[in-house]
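Heads up, the thing below is written out as structure tokens.
Atoms considered below: every heavy atom in the structure, side chains included; atoms not considered: hydrogens, waters and symmetry mates.
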Number of protein chains: 2
Amino acid sequence: MSADRKSPGYSRSTEDYLKAIYELESEGGPAQTSAIADALGVAPPSVSGMVKRLSESGLLEHAPYRGVQLTRAGRRTALKMVRRHRILETYLTTKLGYDWDSVHDEAERMEHAVSDGLIERMAMALGYPRHDPHGAPIPTKDGEIDEQEALVPLIDVPVGSMAELRMVSDRDPELLRFMASLGLRVGVAFEVIGRQPFKGPTAIRLAGQHAKERDQVIGHELAENLSCVVLEGAVG
Amino acid sequence: MSADRKSPGYSRSTEDYLKAIYELESEGGPAQTSAIADALGVAPPSVSGMVKRLSESGLLEHAPYRGVQLTRAGRRTALKMVRRHRILETYLTTKLGYDWDSVHDEAERMEHAVSDGLIERMAMALGYPRHDPHGAPIPTKDGEIDEQEALVPLIDVPVGSMAELRMVSDRDPELLRFMASLGLRVGVAFEVIGRQPFKGPTAIRLAGQHAKERDQVIGHELAENLSCVVLEGAVG
DNA sequence: TACTAAATTTAGGCGCGCTTAACTTTTTAG
DNA sequence: CTAAAAAGTTAAGCGCGCCTAAATTTAGTA
């Protein structure tokens, strides 16, 4: 009748930890206690305690003082949460008129409350999208996720190259609103026409824009957050 | 920027208690400890404890050994949860293809996770519906709820009367599925053509149906759960 | 190598919401 | 009117997830 509900029914906290650890791991290496604490906004000892419980449940492996890695089971749940989050973000923007800067918090809360069935209905209604509004790939129902083709932060795209904006973090609404005001959306192509040293700005020329808004200057911190694919061009 | 989030941010349990108490109160009189315990599936002492905390927060008034009543603030929050629940149920059936028997649980979990803003967007997308799929009235944003015109359980509709089905509880999926299989939906009109004593069945004749499915026999328990408005007819 | 700084873990404690067991109050029935 | 039953409350305790303060381990550097 319903093989539906969230399989072993983890707590909201458990789901949050697993997702955060997954995201930290995908930035390379094992996730460290303080990084997890930071990501979740809790004190480090809270992480130590939770890590203990989670490894006893077989969701992750803990090398004391070294960090933590997801087990197969842990990764499965983490990817489920990532899928939920991204489907929800896509649904909210596509079907309910949310802007891309305001979906993160809503999805963050809903991802713990909805059933697998609802997520699949939303995915179906959306035509099984592969990416969320910020360009992040959506894992499939069985936990497959597209390997990102080599994405490079704008800050590392060599001057003179053509590149395309592929992804941006959904975390900072301010940043997203500012991007939108510059005409920077996922999918736009541009040429890097200059970059100043000492954390200075990067200058880009957007493809297919009218004169006025064609050239933009992107500050250092913003440029760090823009994941691009380099289309062609000179090497640094 | 966001006067949005759930005002004082009550816990999931608090919201559940307030909603349950609201629903018990609307069946007349103060809500009793054991009834609340029943409704929430917890032990009576849990209710005593929670009631203490909730009255200290000014959400309800407790007359020891007598029962409990919502304060203005408590009622406001309860009605907010009822609104959320019913908007969610309507949205899920209308926009995501859920059947009326399967929305309750989903809405029950989501109502604690979504923001006011999302509920308003859903309400707008639905054209500000006044009733949910089970016929229950949806409170407005500021906590107004339609007084139900005198609804009578089918079991009390006199034989010979015409009546219309107006509302049914969303609680029991089995019952809802069975109703659907009989062609009983909110809004159908019918004549009560007979009733057996000793908790026997009620016989009805549906208006505007083809011969085969026109006459239906409704068991006692089901008939208790069907809220009707009497259109005309003889008195008992 | 030794000492300090940073990261991590252990210890002790708290609030929430739940439980069972024991006690009190209210209701009901003889 | 009183005794038994039913309903409600208090007491004691548990798990979760959080905290701060105090060890402890690791890493960095003179």
- Sequence-distant partners of B:Arg130, salt bridge (charged side-chain N to carboxylate O under 4.0 Å, His left out), two or more places apart: B:Asp146
For [N] and [X] - does any side-chain N or O of the residue sit under 4.0 Å from the phosphate oxygens OP1/OP2?
| X | N | answer |
| --- | --- | --- |
| A:Ser11 | D:dG17 | yes |
| A:Tyr17 | D:dC18 | yes |
| B:Ser13 | C:dC18 | yes |
| A:Ser34 | C:dT8 | yes |

- Query: Is the side chain of B:Glu224 donor-acceptor paired with the backbone N or O of B:Ile155 at a distance under 3.5 Å, no angle test?
  - Reply: no
Taking the side chain of [X] as heavy atoms from C-beta outward, which of [options] is closest to it?
| X | options | result |
| --- | --- | --- |
| B:Thr33 | D:dG8, C:dT8, D:dC19 | D:dG8 |
| A:Ser48 | C:dT10, D:dG17, C:dT19 | C:dT10 |
| B:Pro45 | C:dC18, C:dA21, D:dG17 | C:dA21 |
| A:Pro44 | D:dC18, C:dC18, C:dT9 | C:dT9 |

Integer-rounded Å distance: [N] [atom2] and [X] [atom1]:
| X | N | atom1 | atom2 | value |
| --- | --- | --- | --- | --- |
| A:Tyr10 | D:dG17 | OH | P | 13 Å |
| B:Met50 | C:dT19 | CE | C1' | 15 Å |
| A:Gln32 | D:dA27 | CD | P | 9 Å |
| A:Leu40 | D:dC18 | CG | P | 8 Å |
| B:Leu18 | C:dG17 | CG | P | 11 Å |
| A:Ile36 | C:dA7 | CD1 | C1' | 13 Å |
| A:Lys52 | D:dC18 | NZ | C1' | 16 Å |

- Task: Run through A:Leu126, A:Ile119, A:Asp132 and flag the one making a side-chain contact (heavy atoms from CB on, under 4.5 Å) with A:Tyr91.
- Result: A:Leu126
- Query: Which parts of residues 20-30 of chain B get close to DNA chain D, meaning a heavy atom less than 4.0 angstrom away?
  - Reply: none
- Message: Which residues in residues 53-68 of chain A have a heavy atom closer than 4.0 Å to any atom of DNA chain D?
- Response: A:Arg53, A:Tyr65, A:Arg66
- Taking atom CD of B:Glu61 as the centre, report whether more than 12 heavy atoms of other residues, nucleotides or ligands fall under 6.0 Å from it. no
- Message: I'd like to know whether OH of B:Tyr128 has more than 12 heavy-atom contacts from other residues, nucleotides or ligands below 6.0 angstrom.
- Response: yes
In terms of side-chain heavy atoms, does [X] have a donor or acceptor partner in [Y] at a distance below 3.5 Å?
| X | Y | result |
| --- | --- | --- |
| A:His104 | A:Asp170 | yes |
| B:Thr202 | B:Arg195 | yes |
| A:His112 | A:Asp16 | yes |

- Message: Any non-hydrogen side-chain atom of B:Met110 less than 4.5 Å from a side-chain atom of A:Leu118?
- Response: yes
- Message: For B:Tyr22, does the six-membered ring have the charged nitrogen or CZ of B:Arg75 within the cation-pi criterion, i.e. under 6.0 angstrom from the centroid and within 45° of the normal?
- Response: no
